[in-house]
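Have a look at the structure below, then the notes.
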Protein chains: 2
Amino acid sequence: MPRGRTDRNEGVTIRDVAARAGVSVATVSRVLAGNYPTAPATRSKVMRAVRDLDYVVNVHARALAGISAKMIAVVVDAVTAPFYAYVAQGAEEQAAEDGRLCLICTTGGDPARELAIVKLMREQRADAVILVGSVVPSEDYTARMTQYAHALSAAGTRLVLCGRPALGPDVPALTAEYDNAGGAYAVTSHLLSAGHRRILFLGSSPGGTTADARVDGYRRALADHRVPVDPGLEVPGGFGRPAGYRMMRERLAAGAPDFTAVFAGDDLVAAGALQALREAGLRVPEDVSMVGYNDDPFAADIGLTTVHIPAEELGRAAVRLAVRGADDAPVRAMLGTHIVVRDSVRPLTRPL
Amino acid sequence: MPRGRTDRNEGVTIRDVAARAGVSVATVSRVLAGNYPTAPATRSKVMRAVRDLDYVVNVHARALAGISAKMIAVVVDAVTAPFYAYVAQGAEEQAAEDGRLCLICTTGGDPARELAIVKLMREQRADAVILVGSVVPSEDYTARMTQYAHALSAAGTRLVLCGRPALGPDVPALTAEYDNAGGAYAVTSHLLSAGHRRILFLGSSPGGTTADARVDGYRRALADHRVPVDPGLEVPGGFGRPAGYRMMRERLAAGAPDFTAVFAGDDLVAAGALQALREAGLRVPEDVSMVGYNDDPFAADIGLTTVHIPAEELGRAAVRLAVRGADDAPVRAMLGTHIVVRDSVRPLTRPL
DNA sequence: ACGACTATAGTAACCGTTTACTATGAGCTT
DNA sequence: AAGCTCATAGTAAACGGTTACTATAGTCGT
């Protein structure tokens with residue numbers, strides 16, 4: 001088999017380059033770094049040797065010598081959730097633009113795996129770790145994050161909380177958020193303006209920051225429209241397609257619909273609920289109006305009116321926060337959300 | 001601001017641990033590695049010091065001393081494409097199970113970025129890099145891959161081609177594939193069995209391995225059913241939602257439909273085409289049948305009959321291939337595909 | 001013509017681990 | 001009691017870079 005001249009170069013070190021160029025290792029290092037005057041002739045001899053040998057630096061050696069490895073870790077529950085995928089994508093792009101490697105790690109929602117990843121990143125001396133996604137902020141959680149924050153900060157690693165609430169001002173952590181409650185307020189108002197009064201909120205999950213903020217916006221909109229808040233219309237059950245399907249199915253099994261519109265906690269809940277409604281012979285939007293949250297790509301396909309979250313921009317913002325870190329740099333970014341109107345809401349003609 | 005005891009530990013080294021435990025660094029290293037006999041009393045002194053100081057090893061130092069950093073890179077066009085997301089997810093999980101870090105990198109389809117990532121991985125001395133996704137295998141492409149393969153192999157890094165064709169037997173690269181043509185054959189047969197004869201293939205892109213394999217399966221199924229292949233029914237235009245929309249729109253603009261069924265190159269194409277059909281007042285499956293490819297999650301929501309690709313398993317297989325690498329280990333994995341029947345195909349009642 | 005200065009290159013210490021080699025004392029054997 | 005072996009721990013040499021410090025040869029001013 002034909003093998004290129006560059007094949008057996010395991011262990012091509014800076015020493016080999018120096019030898020071939022007939023200079024010292026220091027000179028090679030300097031030519032490559034370009035931060036020290038070198039004679040043009042020397043420079044070209046070195047570059048020649050680098051090409052001939054197909055040399056690449058060893059980041060580990062370089063990191064040991066004190067040059068950051070320029071690595072950022074993004075930690076999400078799962079990349080398969082579109083929201084997380086877009087956040088990760090944005091982070092990746094921003095990191096690449098800033099000349100950094102971007103590690104995307106998944107935990108499957110398991111705190112133990114999260115802990116393991118944080119430890120791994122400490123070992124790697126990463127520049128930053130970005131923890132993405134909703135949480136239920138128990139005391140235990142806050143303690144855990146605070147501990148992470150200190151341990152990471154001690155290793156010179158920045159901690160960014162993305163889409164989850166900020167920690168106290170004493171804790172060395174940055175925060176990138178989006179306006180969850182605002183979007184919920186807007187989309188609820190949209191339903192109210194169409195005349196709906198009995199709006200089912202599907203997927204509240206008391207304690208979860210994301211769901212709580214959305215319920216909050218929902219309630220505030222109702223209040224501002226002088227519609228009484230009915231706790232019986234807030235169905236707990238979390239997010240995701242199966243949850244949406246189950247919640248709607250159970251609701252319909254319990255009796256005739258006592259609502260004219262549905263606010264699904266996220267688009268996946270909407271998709272699940274939609275299927276349950278369809279199976280029960282109810283059409284959207286003819287019989288029931290529905291809105292979602294997130295503006296997942298498929299929302300366009302099913303014509304779902306929903307709230308757009310700037311997920312990609314959120315990822316970028318998180319990375320920027322982490323990278324552009326002068327000591328006086330902002331410690332927090334808050335992104336806006338907006339409603340996108342499609343075809344899943346109809347004005348209420350026949351009140352319940 | 002109050003700082004915890006564990007806070008200023010930047011540079012807590014093995015030396016600090018040794019000092020605090022009153023032993024030598026070698027002993028600490030041995031206790032931590034657990035590969036050398038140590039007295040129980042010593043062991044516990046060391047562990048105590050490790051906890052007190054909240055010490056974590058420095059992977060760079062360790063890597064330099066010859067212990068692999070246990071890192072795998074998965075390179076995809078974009079994580080936001082569900083197929084890639086699932087491959088990445090599978091790879092991530094398998095890597096985690098094997099105790100390895102998994103880097104997910106995106107190129108946006110840009111060969112320059114791909115090259116940059118390969119270089120980065122050489123610098124990192126990664127265990128493996130997994131290149132995922134279809135390609136158009138020009139001579140240039142083959143040369144590039146061959147070069148990657150040799151350079152990586154020289155640095156002790158395995159190259160895995162995932163969902164793209166294998167290189168020559170002389171090239172040090174592994175391959176994880178799935179049966180593209182087989183799935184296309186099956187789903188085309190499904191349409192043919194329902195009586196369809198004029199089946200539009202949407203999104204052929206001559207030269208692209210994925211699309212070519214699907215077209216190939218499509219043609220073979222037609223041939224086996226003695227239906228003549230009509231090149232006019234194969235619409236080039238690539239994959240993705242916008243492409244699907246555009247192709248169908250243009251096709252419909254050119255005149256009344258001359259097909260009764262559509263084989264969309266992938267599910268996104270199907271989604272786009274679906275929208276174009278809907279806008280033209282045509283219903284699926286009442287007026288035209290449609291099948292897709294990939295079994296993206298949203299396919300369930302729009303009731304699309306499609307071909308399931310074991311994406312997650314593909315990612316896992318790629319990692320296994322890379323990790324379980326004895327020299328006599330298999331060099332190639334081929335995964336099966338299967339059709340999943342939903343509600344987008346109807347028997348042809350009124351032939352064109 | 002001589003010292004000061006500049007441009008460039010070399011020398012060697014250091015970064016934090018791992019591990020081959022060496023040292024030490026305790027418990028046996030004969 | 002000398003000589004072994006064994007268990008355990010220490011010493012120091014890598015690993016592959018970076019960079020402070022040092023050395024050398026021109027250049028220039030006077």
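Note on naming: letters A, B, ... go to the chains in the order of the sequence lines (proteins, then strands), and numbering restarts at 1 for each one.
Applying the salt bridge (Lys or Arg N to Asp or Glu O under 4.0 Å) criterion to Asp98(B), with sequence neighbours excluded, gives Arg324(B). Under the side-chain hydrogen bond (donor to acceptor under 3.5 Å, both in side chains) criterion, Thr27(A) pairs with Ser24(A), not counting sequence neighbours. Applying the salt bridge (Lys or Arg N to Asp or Glu O under 4.0 Å) criterion to Glu312(B), with sequence neighbours excluded, gives no partner residue. For the salt bridge (Lys or Arg N to Asp or Glu O under 4.0 Å) test, no residue two or more places apart in sequence or in another chain qualifies with Arg30(B). For Arg164(A), the salt bridge (Lys or Arg N to Asp or Glu O under 4.0 Å) partners are Glu114(A), not counting sequence neighbours.
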For this session: Sugar-phosphate atoms are those with a prime plus P, OP1 and OP2; base atoms are the rest. Using that split, label each nucleotide of nucleotides 13-18 of chain D B, S or - for protein heavy atoms under 4.0 Å, 5' to 3'.
Result: --BBBS
Below 3.5 Å, can you tabulate the donor-acceptor pairs from side chains in residues 56-63 of chain B to any protein atom, sequence neighbours excluded?
unit_1: Asn58(B); atom_1: OD1; unit_2: His60(B); atom_2: N; d: 2.8
unit_1: Asn58(B); atom_1: OD1; unit_2: Ala61(B); atom_2: N; d: 3.3
unit_1: His60(B); atom_1: ND1; unit_2: His60(A); atom_2: ND1; d: 3.1
unit_1: His60(B); atom_1: NE2; unit_2: Gln124(A); atom_2: O; d: 3.1

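Counting 5' to 3', DNA chain C first comes under 4.0 angstrom of a heavy atom of chain B and last does so at the ends given by dG16(C) to dC21(C).
Counting only residues at least two apart or on different chains, the salt bridge (Lys or Arg N to Asp or Glu O under 4.0 Å) pairs with a member in residues 86-96 of chain B are Arg113(A)-Glu92(B), Glu93(B)-Arg316(B). Every pair passing salt bridge (Lys or Arg N to Asp or Glu O under 4.0 Å) that includes a residue from residues 127-136 of chain B is listed here, sequence neighbours excluded: Arg100(B)-Asp127(B). Applying the ring pair (Phe, Tyr, Trp, His ring centres under 6.0 Å) test to residues at least two apart or on different chains, none of the pairs has a partner in residues 114-142 of chain A.
Not a single donor-acceptor pair, N or O on each side, falls under 3.5 Å between the base of dA7(D) and the side chain of Tyr36(B).
Among the atoms of the strands shown, none is found under 4.0 Å from any heavy atom of Val59(A). Within 4.0 Å of Ser24(B), counting heavy atoms only, lies at least one base atom of the nucleic acid.
If Arg43(A) and Asn35(B) are placed on DNA chain C by their nearest nucleotide, the residue sitting closer to the 5' end is Arg43(A).
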For this session: Show your reasoning for whether salt bridge (charged side-chain N to carboxylate O under 4.0 Å, His left out) applies to Arg48(A) and Asp52(A).
Result: CA-CA 6 Å; Arg48(A) 186 84 222 285; Asp52(A) 287 353; 3.5 Å; yes
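Each end of the helix from dA1(C)-dT30(D) to dT30(C)-dA1(D) gets its own axis, taken as the rotation carrying the C1' atoms of four end pairs onto the next four within a five-pair window, and the two axes meet at 50° to the nearest 10 degrees.
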